[in-house]
K.L.:
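Below are the structure tokens for one structure; questions will follow.
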Number of protein chains: 2
Amino acid sequence: MAAPATIQCCAPIAREPLAEAEAAELAALLKAVADPVRLRLLSMIGSHAGGEACVCDLTDSFDLTAPTISHHLKVLRTAGLIDGERRGTWVYYRIVPETVNKLGALFAPLAEPAATGRVELELLPV
Amino acid sequence: MAAPATIQCCAPIAREPLAEAEAAELAALLKAVADPVRLRLLSMIGSHAGGEACVCDLTDSFDLTAPTISHHLKVLRTAGLIDGERRGTWVYYRIVPETVNKLGALFAPLAEPAATGRVELELLPV
DNA sequence: GGCGTACTTCGACAAACTTCTAAGCAGGAG
DNA sequence: CTCCTGCTTAGAAGTTTGTCGAAGTACGCC
């Protein structure tokens, strides 16, 4: 038929071979989130009220020392996934949506037009 | 207006804190793709004509020995991201869409109804 | 100034990862 | 059967990563 072919998996990763440099860049990003602690940290920061979380809010959820949490936050920050700012006594972290969206675009670029440019999403408030 | 609120980043990872067990499972999956070589392997397999690629097709693109490629393929297979089958002389690998979609759903669940179930996509042939 | 709290940096160490060489197994060809 | 090719397994070396304790920096309070 003349209908578009149905492809089982259409993530961009499965559309054309990834260039070497691109793969290296994305792998670095993926390595930053490929850890249970960092995944939870990212999730806690992103879902926290106001869009930002104090380190003190995060530490209590883990059986880890403060230096370890600080290390993981640094890995996420170095990767560009989060951004931190000191305000008075506390340090607040916030998600960097552009970087997170790079990962989303890798595996599931449902919105084709947006995939190549800025990804702006709307969600119904539950 | 009555329109739904626009949220900057709406990946599920930023909607509610990830449970510990869930984070561990996803981190294992992410660790499997968090490597430039494996990312390219996955991409080459997924984008290969017929949806599957022989190991011999993959090896030549890398400056690595055959055992190393074999090792990376095993990591991807153990994670459930690809599946391999021997046919005669050659071994063919194929992507497992369900597993790849888990990653896509993590960071960019654009199709809300599909995100929780099976994701079936249509792509226009260029 | 001196002290206490919040967080980060430093230095160290065990565990895990990437890569290699060498050896093994499975199929096809002569 | 014997050899050759395609791929995997096994073992080892070097590097990276996750975690800790100790020390350092920044800020607010007395």
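Chain identifiers are assigned alphabetically (A, B, ...) following the order of the sequence lines, protein sequences preceding nucleic acid strands; residue numbering begins at 1 within each chain.
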K.L.:
Hydrophobic cluster membership, with links at side-chain heavy-atom distances under 4.5 Å among I/L/V/M/F/W/Y: are A:Trp90 and A:Leu73 in one?
P.N.:
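No, separate clusters.
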
K.L.:
For a quick test of reading the model: is some side-chain N or O of B:Thr68 closer than 4.0 Å to OP1 or OP2 of C:dT19?
P.N.:
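For B:Thr68, the contact criterion (side-chain N or O under 4.0 Å from OP1 or OP2 of C:dT19) is not met.
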
K.L.:
Consider only side-chain heavy atoms of I, L, V, M, F, W and Y, link residues closer than 4.5 Å, and tell whether B:Leu29 and B:Ile13 are in one cluster.
P.N.:
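Yes, B:Leu29 connects to B:Ile13 through the hydrophobic network.
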
K.L.:
Taking the minimum atom-to-atom distance to the side chain of B:Val55, which one of D:dT8, C:dC7, C:dT19 wins?
P.N.:
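Selected nucleotide: D:dT8.
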
K.L.:
Are A:Arg86 and A:Tyr92 in a cation-pi setup, meaning NZ or CZ lies under 6.0 angstrom from the ring centre and within 45 degrees of the ring axis?
P.N.:
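Negative - A:Arg86 is either too far from the ring of A:Tyr92 or too far off its axis.
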
K.L.:
Scan B:Asn101, B:Ile95, B:Val100, B:Val96 and name whichever one has a side chain to side chain contact (heavy atoms under 4.5 Å, CB included) with B:Glu98.
P.N.:
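For B:Glu98, the side chain to side chain contact (heavy atoms under 4.5 Å, CB included) test succeeds with only one of B:Asn101, B:Ile95, B:Val100, B:Val96, which is B:Val96.
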
K.L.:
Atom CG of B:Leu64 and atom P of D:dT8: how far apart are they, to the nearest Å?
P.N.:
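Those two atoms, CG and P, are 14 Å apart.
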
K.L.:
Under 4.0 Å: is that the gap between some side-chain N or O of B:Arg86 and OP1 or OP2 of D:dG6?
P.N.:
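Answer is no, no contact under 4.0 Å.
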
K.L.:
To the nearest Å, give me how far apart CH2 (A:Trp90) and P (D:dG28) are.
P.N.:
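Rounding to the nearest Å, CH2 of A:Trp90 and P of D:dG28 are 10 Å apart.
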
K.L.:
For D:dT17, take OP1 and OP2 only and decide whether either is under 4.0 Å from a side-chain N or O of B:Lys31.
P.N.:
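Checking D:dT17 against B:Lys31, no side-chain N or O comes under 4.0 Å of OP1 or OP2.
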
K.L.:
Could you state the CG-P distance from B:Leu30 to C:dC17, rounded to the nearest angstrom?
P.N.:
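From B:Leu30 CG to C:dC17 P: 14 Å.
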
K.L.:
Please say whether the positively charged group of B:Arg40, taken as NZ for Lys or CZ for Arg, lies over the ring of B:Phe62, i.e. under 6.0 angstrom from the six-membered ring centre and within 45 degrees of the axis.
P.N.:
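Checked: cation-pi criterion met.
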
K.L.:
Check the distance between D:dC7's C1' and B:Leu58's CG and give it to me in whole angstrom.
P.N.:
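After rounding, the reported distance stands at 12 Å.
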
K.L.:
Please figure out whether B:Cys56 or A:Asp63 has its closest DNA chain D nucleotide nearer the 5' end.
P.N.:
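Looking at the nearest nucleotide for each, B:Cys56 comes out on the 5' side.
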
K.L.:
Atom NE2 of B:His71 and atom C1' of D:dT8: how far apart are they, to the nearest Å?
P.N.:
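Value for this atom pair: 13 Å.
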
K.L.:
In whole angstrom, what separates B:Glu85's CD from D:dT8's C1'?
P.N.:
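Distance, rounded to whole Å: 17 Å.
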
K.L.:
Within the pair A:Lys74 and C:dT9, is there a side-chain N or O less than 4.0 Å away from OP1 or OP2?
P.N.:
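Looking at the OP1 and OP2 atoms of C:dT9, one of them is under 4.0 Å from a side-chain N or O of A:Lys74.
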
K.L.:
From the list C:dT8, D:dT8, D:dT19, which nucleotide is the closest neighbour of the side chain of B:Ser70?
P.N.:
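When the side chain of B:Ser70 is considered, D:dT8 is the closest of C:dT8, D:dT8, D:dT19.
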
K.L.:
Looking only at the side chain of B:Asp35 (C-beta and beyond, no hydrogens), which of the listed nucleotides C:dC7, C:dT8, C:dT18 gets closest?
P.N.:
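Side chain of B:Asp35 sits closest to C:dT18.
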
K.L.:
Let's see if you can work this out: which of C:dT8, C:dT21, C:dT19 has an atom nearest to the side-chain heavy atoms of B:Thr65?
P.N.:
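Within the option list, the nearest is C:dT21.
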
K.L.:
Classify B:Arg87 by what it touches in the nucleic acid, base, sugar-phosphate, or nothing, heavy-atom distance under 4.0 Å.
P.N.:
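Nothing: the residue B:Arg87, judged by heavy atoms under 4.0 Å, touches no strand.
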
K.L.:
Measure from the side chain of B:Pro67, starting at C-beta and using heavy atoms only, and say which of D:dC7, C:dT21, C:dT9 lies closest.
P.N.:
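My answer, after comparing the listed nucleotides, is C:dT21.
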
K.L.:
Would you indicate, yes or no, if D:dC7 has its OP1 or OP2 atom less than 4.0 angstrom from a side-chain nitrogen or oxygen of B:Tyr93?
P.N.:
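False: B:Tyr93 side-chain N/O out of range (4.0 Å or more) of D:dC7 OP1/OP2.
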
K.L.:
Treat each ILVMFWY residue as a node, draw an edge where side-chain heavy atoms are under 4.5 Å apart, and state whether B:Val33 and A:Val75 are in one component.
P.N.:
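Shared cluster, no.
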
K.L.:
Could you tell me how far apart A:Arg38 (CZ) and D:dT19 (P) are, to the nearest whole angstrom?
P.N.:
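It is 9 Å, rounded to the nearest whole Å.
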
K.L.:
Under 4.0 Å between any heavy atoms, over every strand shown, what does A:Thr89 touch: base, sugar-phosphate, or nothing? Just pick one.
P.N.:
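Touches sugar-phosphate only.
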
K.L.:
I need the NE2-P distance between B:His72 and C:dC17, as an integer number of Å.
P.N.:
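The answer, rounded to whole Å, is 12 Å.
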
